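The structure appears below as structure tokens.
Numbers restart at 1 for each chain; the letters A, B, ... are given by sequence-line order, proteins then strands. Bear in mind the structure is a predicted one, so any value in this text is a computation, not a measurement. We use all heavy atoms of the structure for the numbers below, so side chains are in, but hydrogens, waters and symmetry mates are not.
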Number of protein chains: 2
Amino acid sequence: MQYLTIKDAIEEQIDTGMFEAGQKLPSERTLAETFSTTRITLREALNHLALSGKIYKEERRGWFVSTAKLIFNPMQCIDIAEACKEQKRNCRIEALSSHRLLATKEMLTVLKLSPFSYVKQQVSLIHIDGRRVAVQYRYIPEEMTTLLSHDEQTDVLTQLLNSFEYDSEKHEIEVGIIPASQLESDALNLSSGSMLLSINQVACNKSQTPFLLQTIRCCHDAINLKISQTA
Amino acid sequence: MQYLTIKDAIEEQIDTGMFEAGQKLPSERTLAETFSTTRITLREALNHLALSGKIYKEERRGWFVSTAKLIFNPMQCIDIAEACKEQKRNCRIEALSSHRLLATKEMLTVLKLSPFSYVKQQVSLIHIDGRRVAVQYRYIPEEMTTLLSHDEQTDVLTQLLNSFEYDSEKHEIEVGIIPASQLESDALNLSSGSMLLSINQVACNKSQTPFLLQTIRCCHDAINLKISQTA
DNA sequence: GAGTGGTCTAGACCACTGT
DNA sequence: CAGTGGTCTAGACCACTCC
């Protein structure tokens with residue numbers, strides 16, 4: 001298996017520090033020539049490397065060496081920015097959209113709302129150390145947003161969400177692998193249908209009322225999920 | 001994008017019940033001819049479908065339609081067979097190996113053992129509804145296995161583990177995506193380096209002593225991770 | 001032994017990125 | 001505009017599975 005040899009060769013060059021984290025690899029054509037093979041075989045090698053999280057691809061821009069993963073505990077934390085801060089990673093949250101929506105059936109169930117309730121949807125793009133790594137969807141029951149200022153800035157909302165002092169004892173999470181949607185591919189600079197890690201969180205406040213449904217769709221090489229109840 | 005059209009066509013045939021769960025799809029060559037394309041393009045379509053969990057591949061045997069996912073809560077449950085029973089799925093656990101090993105550094109840490117401790121390793125292959133879906137690694141501190149009979153049968157050990165009545169309040173989990181090892185590829189009939197969902201669990205008993213480190217490597221289209229503290 | 005997927009070659013054209 | 005990755009063609013040989 002030629003592609004495994006190539007994979008190992010590139011992997012070794014990364015591990016021995018020939019390529020720095022975040023650095024772009026040579027083009028597929030250059031690499032194919034280097035290893036005297038075709039682009040198809042070379043891409044096979046790169047795809048396998050990407051699965052292990054060592055490198056990632058940006059649409060039409062090339063292959064890059066992954067940086068260290070952010071450790072995230074979705075059972076304790078609903079805010080990636082907070083996790084970044086603790087781990088001294090640079091985080092920027094870019095608001096993509098904010099809408100008032102009729103709650104879907106699933107939202108009604110998990111947020112325990114009455115039929116035809118509205119939710120506030122907020123979609124954000126999360127950058128860690130300059131790289132686009134995740135798209136975050138937040139759904140908040142409309143009645144709970146009346147407490148909030150109508151400022152759309154993420155930071156304000158985030159702080160307010162945190163002020164709810166949610167009860168981490170009552171927290172439901174769903175984790176899975178899904179192909180990126182069009183919106184996610186575009187926002188994250190991925191080729192359509194790329195693999196994303198999907199994290200669904202339902203957070204409740206102290207009085208056991210669910211107040212937030214959050215979905216994070218992230219690059220699997222950027223986040224390490226460590227789930228525990230005790231910090 | 002031709003491959004997306006093909007993907008959608010196959011997906012529709014599956015959704016409308018033209019292919020039953022577990023059924024084998026026509027061969028790549030046949031499908032390629034059907035859609036008047038090459039195998040490479042067709043495989044691109046199949047790979048994208050596989051990412052969404054609709055189909056899966058067995059090494060040199062072909063592509064199959066996925067069955068319903070098993071819902072698994074690793075925060076509450078350390079036994080896939082138990083989850084299968086509750087969800088009325090047929091589960092068979094096949095013991096692959098059982099050894100006494102010197103604990104690695106990681107095991108010493110998570111199991112809170114003194115240096116140079118030994119652990120009992122037990123590797124099993126899990127079948128659900130006749131399909132090989134996961135490889136399970138269990139590591140148990142040797143001193144705790146003295147309580148157990150030396151019968152190597154999985155069922156006995158499983159029952160004994162359950163009799164520990166582990167404390168689900170104290171439970172740590174790690175979830176990630178990794179390429180299959182050689183052992184895992186062979187056991188699960190996968191091509192080398194296929195994507196697996198990796199679930200790491202550390203379970204403690206009521207006296208807060210960790211007694212089990214378990215790693216499950218499973219096909220992502222076979223298991224749905226729903227994590228919550230309350231059942 | 002026929003058929004399957006696994007791997008590979010040697011090209012090609014396109015849409016898009018970066019300069 | 002040059003270069004990149006995205007997609008595609010039209011083959012080929014091999015190791016393995018299934019009959």
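- At whole-Å resolution of the value, CG in A/L46 and C1' in C/dC8 are 16 Å apart.
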For nucleotides 17-19 of chain C, tabulate all protein N/O to nucleotide N/O atom pairs closer than 3.5 Å, reporting atom names and distance.
| residue | atom | partner | partner atom | Å |
| --- | --- | --- | --- | --- |
| C/dG18 | OP1 | A/R61 | NH1 | 2.1 |

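- In this entry the distance linking CD of B/E58 with P of C/dG6 reads 11 Å, nearest Å.
- For the pair A/R131 and A/F64, the cation-pi test (distance below 6.0 Å, angle within 45°) is failed.
- Atom CD in A/E33 sits roughly 15 Å away from atom C1' in D/dT4 (whole-Å rounding).
- Taking 4.5 Å as the limit, some side-chain heavy atom of A/I10 sits within range of a side-chain heavy atom of A/F35.
- The interatomic distance linking B/R29 (CZ) with C/dA2 (C1') rounds to 11 Å, in whole Å.
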Close N/O contacts between protein and nucleotides 9-11 of chain D (under 3.5 Å):
| residue | atom | partner | partner atom | Å |
| --- | --- | --- | --- | --- |
| D/dT9 | OP2 | B/T37 | OG1 | 2.5 |
| D/dT9 | OP2 | B/T38 | N | 3.3 |
| D/dT9 | OP2 | B/T38 | OG1 | 3.3 |
| D/dT9 | OP2 | B/T41 | OG1 | 3.2 |

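- Put simply, the side chain of A/R138 never gets that close to the backbone of A/S124: no donor and acceptor are under 3.5 Å apart.
- The phosphate of C/dG6 (OP1 or OP2) has a side-chain N or O of B/S191 nearer than 4.0 angstrom.
- Closest approach of A/S198 and A/T215 over heavy atoms only: OG-CG2, 4.2 Å.
- In this structure, the CG atom of B/L42 is 16 Å from the C1' atom of C/dT7, given to the nearest Å.
- Neither OP1 nor OP2 of C/dT4 sits under 4.0 Å from any side-chain N or O of B/K57.
- Phosphate contact (OP1/OP2 of D/dC8, side-chain N/O of B/Y3, threshold under 4.0 Å): absent.
- Panel note: side chain B/Q201, backbone B/C77; a donor-acceptor pair is recorded below 3.5 Å.
- In B/Q87, the CD atom is crowded: over 12 heavy atoms of neighbouring residues, nucleotides or ligands sit closer than 6.0 Å.
- Taking only distance into account, the side chain of A/R43 never meets the base of D/dG5 through a donor-acceptor pair shorter than 3.5 Å.
- For the pairing with B/I55, the side chain to side chain contact (heavy atoms under 4.5 Å, CB included) check across B/D221, B/L46, B/N47 returns one residue only, B/L46.
- Distance A/K7 NZ to C/dC8 P: 13 Å, rounded to the nearest Å.
- In this structure, B/K85 places its NZ atom where only 12 or fewer heavy-atom neighbours from other residues, nucleotides or ligands lie under 6.0 Å away.
- Taking both residues in full, the closest heavy atoms of B/A134 and B/L188 are given as N-CD2, 3.4 Å, listed atom of the first, atom of the second, then distance.
- Spacing between atom CG of A/L190 and atom C1' of D/dT4 amounts to 17 Å, rounded to whole angstrom units.
- Residue A/L31 contributes atom CG, which lies 10 Å from atom P of D/dT4 at whole-angstrom precision.
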